[in-house]
Asks: 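Attaching a single structure in structure tokens format; questions to follow.
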Amino acid sequence: MQIKLRLNGKEVTGNVEPDMALLDFVREKGCYSVKRGCETSNCGLCTVLMDGKPILSCSTLAARADGHSIVTIEGCQKEAEEFGGFLADEGAEQCGFCSPGFIMNVIAMFRELTDPTDEEIREYLAGNLCRCSGYEGQLRAIHRYMDHKKKEGGK
């Protein structure tokens with residue numbers, strides 16, 4: 001079946017099998033930031049934004065993305081790099097394998113929530129598995145990033 005969607009701001013079409021995961025489709029289109037992790041919707045490595053909302057691309061059929069907008073880190077590079085700097089400054093990126101999915105969720109959270117509490121941040125990011133850290137560095141990076149954005153005139 002043929003699908004058409006907007007991937008990182010560009011119209012793309014492709015033929016997909018009915019059981020093809022969105023993860024495989026976006027990787028075929030060159031979006032290698034989207035990682036394959038658990039393939040059971042438990043780790044968050046494959047997170048992308050569909051119409052602005054974070055979804056797990058390993059458990060979303062590519063056919064379901066037909067007609068929608070999909071954004072990966074490649075599509076929000078400036079924001080991702082900016083927040084990634086805060087992660088690095090806090091020593092929270094360590095191996096970096098979970099970073100793309102984590103960053104996508106932070107970007108979505110920042111767009112959705114205004115001045116979230118630690119509890120709200122933890123709840124929003126509960127689906128992101130990091131085997132290297134205790135999450136405190138990530139939490140510090142999120143707070144520093146949000147403070148920075150407020151000073152810049154953002155949220």
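Both backbone and side-chain heavy atoms feed into the values below; hydrogens, waters and symmetry mates do not.
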Asks: Can any side-chain N or O of E79 pair as donor or acceptor with the backbone N or O of C76 at less than 3.5 Å?
Replies: no
Asks: What pair of heavy atoms forms the shortest contact from N8 to C31, and how long is it?
Replies: ND2-SG, 3.5 Å
Asks: In Å and rounded to the nearest 0.5 Å, what is the CG to OH distance from L87 to Y145?
Replies: 10.5 Å
Asks: What distance separates I70 CD1 from K29 NZ, expressed to the nearest 0.5 Å?
Replies: 13.5 Å
Asks: Would you say the ring centroid of F83 lies under 6.0 angstrom from that of F110?
Replies: no
Asks: Do other residues, nucleotides or ligands put more than 12 heavy atoms under 6.0 Å from E123 CD?
Replies: no
Asks: Are V71 and L56 connected into the same hydrophobic cluster when the rule is that any two of I, L, V, M, F, W, Y join if their side-chain heavy atoms are below 4.5 Å apart?
Replies: no
Asks: Going by heavy atoms in the side chains, are Q2 and T13 under 4.5 Å from each other?
Replies: yes
Asks: Applying the 4.5 Å side-chain criterion to the ILVMFWY set and letting contacts propagate, would L113 and L125 be lumped into a single cluster?
Replies: yes
Asks: Does any pair with a residue in residues 11-25 pass salt bridge (Lys or Arg N to Asp or Glu O under 4.0 Å), and if so which ones, sequence neighbours excluded?
Replies: R6-E11, D24-R36
Asks: Do E93 and Q138 pass the side-chain contact (heavy atoms from CB on, under 4.5 Å) test, and can you show the C-alpha distance, the side-chain angles, and the key distance before you say yes or no?
Replies: CA-CA 8 Å; E93 87 290 1; Q138 284 102 333; over 6 Å; no
Asks: Return the CZ to CG distance between R27 and L23, rounded to the nearest 0.5 Å.
Replies: 6.5 Å
Asks: If you compare all heavy atoms of I73 against all heavy atoms of P100, which two are closest, and at what distance to 0.1 Å?
Replies: CD1-CA, 3.4 Å
Asks: Consider only side-chain heavy atoms of I, L, V, M, F, W and Y, link residues closer than 4.5 Å, and tell whether V106 and L129 are in one cluster.
Replies: no
Asks: Taking all atoms of both residues into account, what is the closest heavy-atom pair of L22 and M50, and its distance?
Replies: CD2-CE, 4.4 Å
Asks: Can you see which heavy atom on G14 is nearest to which on F25, and at what distance?
Replies: CA-CE1, 4.0 Å
Asks: Ion pair present between E119 and R122, side-chain N to carboxylate O less than 4.0 angstrom?
Replies: no
Asks: Looking only at non-hydrogen atoms, find the nearest pair between C58 and S41 and report the distance.
Replies: SG-N, 3.8 Å
Asks: Using a strict threshold of under 4.0 Å (side-chain N to carboxylate O), is an ion pair present between K150 and D115?
Replies: yes
Asks: Do you know which two heavy atoms are closest between A62 and V16, and how far apart they sit?
Replies: CB-CG1, 4.0 Å
Asks: Can you tell me how far CZ of F86 sits from CG of D147, rounded to the nearest 0.5 angstrom?
Replies: 9.0 Å
Asks: Rounded to the nearest 0.5 Å, how far does CZ of F97 lie from SG of C130?
Replies: 11.5 Å
Asks: Please tell me whether L5 and V48 are part of a single hydrophobic cluster in this structure, the criterion being side-chain heavy atoms less than 4.5 Å apart.
Replies: yes
Asks: Is any side-chain heavy atom of N128 closer than 4.5 Å to a side-chain heavy atom of Y135?
Replies: no
Asks: Please list, chain by chain and in numerical order, all residues satisfying side chain to side chain contact (heavy atoms under 4.5 Å, CB included) with D66, sequence neighbours excluded.
Replies: I3, K4
Asks: Test of understanding: with side chain to side chain donor-acceptor pair (under 3.5 Å), list the residues that count as partners of S69, not counting sequence neighbours.
Replies: none
Asks: Do the non-hydrogen side-chain atoms of D89 and R140 ever get within less than 4.5 Å of each other?
Replies: no
Asks: When you look at E90 and E136, which way does the side-chain contact (heavy atoms from CB on, under 4.5 Å) test go after all the steps?
Replies: CA-CA 9 Å; E90 292 298 331; E136 290 305 311; over 6 Å; no
Asks: Show your reasoning for whether side-chain contact (heavy atoms from CB on, under 4.5 Å) applies to L49 and K53.
Replies: CA-CA 5 Å; L49 304 182; K53 300 290 183 191; over 6 Å; no
Asks: Decide yes or no on side-chain hydrogen bond (donor to acceptor under 3.5 Å, both in side chains) for E74 and S33, but give the supporting numbers first.
Replies: CA-CA 7 Å; E74 289 86 354; S33 69; 2.7 Å; yes
Asks: May I ask whether L61 and I55 are part of the same hydrophobic cluster, defined by side-chain heavy atoms of I, L, V, M, F, W, Y residues being less than 4.5 angstrom apart, directly or through others?
Replies: no
Asks: What distance do R64 atom CZ and S57 atom OG have between them, rounded to the nearest 0.5 Å?
Replies: 13.5 Å
